[in-house]
Amino acid sequence: MGIVTADIAISLDGFAAGPNQSLEHPLGEGAEERLHAWMFDERSANHREEIEAIVRAGAYVMGRKMFGPVRNEWPGEGEPFADWRGWWGEEPPYHAPVFVLTHFAREPLEMTGTTFYFVTDGIHSAMEQAREVAGDADVSVAGGAETLNQALWAGVVDELRLHVVPLTLGAGERVFDRVPPLDLELVRERVTPEVAHLTYRVRR
């Protein structure tokens, strides 16, 4: 059986998203381009190993806000965002089943290479379903900060990969909020001008 990993890009002051998240600014004002710049354009060649590790899992767990801007009941036909299919276009980067935490039931959404399943009974249920379909492969907690914090609080993360970007955001969604104390062992580090990649094993 594989392990449970979690990757998240954060600012130096610990935020994975900035303030005032919206459709125009999914990760908050001043955050979306800066936190993930190392993953795109010419800079991505310097971080290929870390990017490939992110999309290597056999299944993923993510939060509702990671999937899209809808916060309450899923919209019906003709309502705004009724045809929402994620931020990634018709071929999401996961190429594996993705289990989305939500309070509102919805039928699975099949897309090219990826099917999104909507889980209403919590992080443990989502993780059990992800483990079952992943088999011997890893399961990845794909974010955002609130979902990662839930997973850390629930004690289901084996390996935490922080991608620390040299900027501060001052406000937003912070990693480790309301998470009990963790015992972390640094097992890998690689620092570049764009980002410090820090991999920790979660000791139990």
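FYI, side chains are in, hydrogens and waters are out, and symmetry mates aren't considered; it's all heavy atoms of this structure.
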For the residue pair [X] and [Y], establish whether any side-chain heavy-atom pair is separated by less than 4.5 Å.
X	Y	answer
Phe67	Val98	no
Leu101	Ile123	yes
Glu185	Tyr200	no
Glu91	Met111	no
Val156	Val61	no
Trp38	Val165	yes
Val139	Met127	yes
Val157	Leu152	yes

To the nearest 0.5 Å, tell me how far [X] [atom1] sits from [Y] [atom2].
X	Y	atom1	atom2	answer
Glu107	Phe118	CD	CZ	10.0 Å
Met62	Ser140	CE	OG	9.0 Å
Ile8	Phe15	CD1	CZ	12.5 Å
Asp158	Thr5	CG	OG1	8.5 Å
Leu12	Leu169	CG	CG	9.5 Å

Would you indicate whether [X], at its atom [atom1], is surrounded by more than 12 heavy atoms from other residues, nucleotides or ligands within a distance under 6.0 Å?
X	atom1	result
Glu146	CD	no
Glu189	CD	no
His95	NE2	yes
Arg201	CZ	no

Identify the heavy atoms of [X] and [Y] that sit nearest to each other, and give their distance.
X	Y	result
Trp74	Phe104	NE1-O, 2.8 Å
Leu35	Ala17	CD1-N, 4.3 Å
Pro193	Pro166	O-CG, 3.7 Å
Ala59	Val133	CB-CG2, 3.7 Å
Ser125	Val119	OG-CG1, 3.9 Å
Val164	Ser11	CG1-O, 4.2 Å

Can you check whether [Y]'s main-chain N or O pairs, donor with acceptor, with [X]'s side chain at less than 3.5 Å?
X	Y	answer
Asn149	Val175	no
Trp88	Arg85	no
Glu132	Gln129	no
Arg174	Asp13	yes
Trp153	Phe176	no
Asp7	Val141	no
Arg131	Val4	no
Thr168	Gly170	no
Thr147	Gly63	yes

Just do the side-chain contact (heavy atoms from CB on, under 4.5 Å) check on Glu52 and Ile54 with the steps written out, would you?
-> CA-CA 5 Å; Glu52 288 177 351; Ile54 292 171; over 6 Å; no

For [Y], is there an ion pair with [X] - N to carboxylate O distance below 4.0 angstrom?
X	Y	result
Arg188	Glu50	yes
Glu49	Arg190	no
Asp183	Arg204	no

Hydrophobic cluster membership, [X] vs [Y], 4.5 Å side-chain cutoff:
X	Y	answer
Trp84	Phe116	yes
Tyr94	Leu109	yes
Leu148	Leu186	yes
Ile10	Leu182	yes

Those residues that, when tested against Glu159, pass salt bridge (Lys or Arg N to Asp or Glu O under 4.0 Å) (two or more places apart) | Arg161

CA sep, side-chain torsions, deciding dist, call: Thr102, Thr120, side-chain contact (heavy atoms from CB on, under 4.5 Å) | CA-CA 5 Å; Thr102 176; Thr120 59; 4.2 Å; yes

Does a side chain donor of either Glu194 or His47 reach within less than 3.5 Å of an acceptor in the other side chain?
-> yes

Under 30°, 30 to 60°, or over 60°: which ring-plane class applies to Phe99 and Tyr117, parallel, tilted or perpendicular?
-> parallel

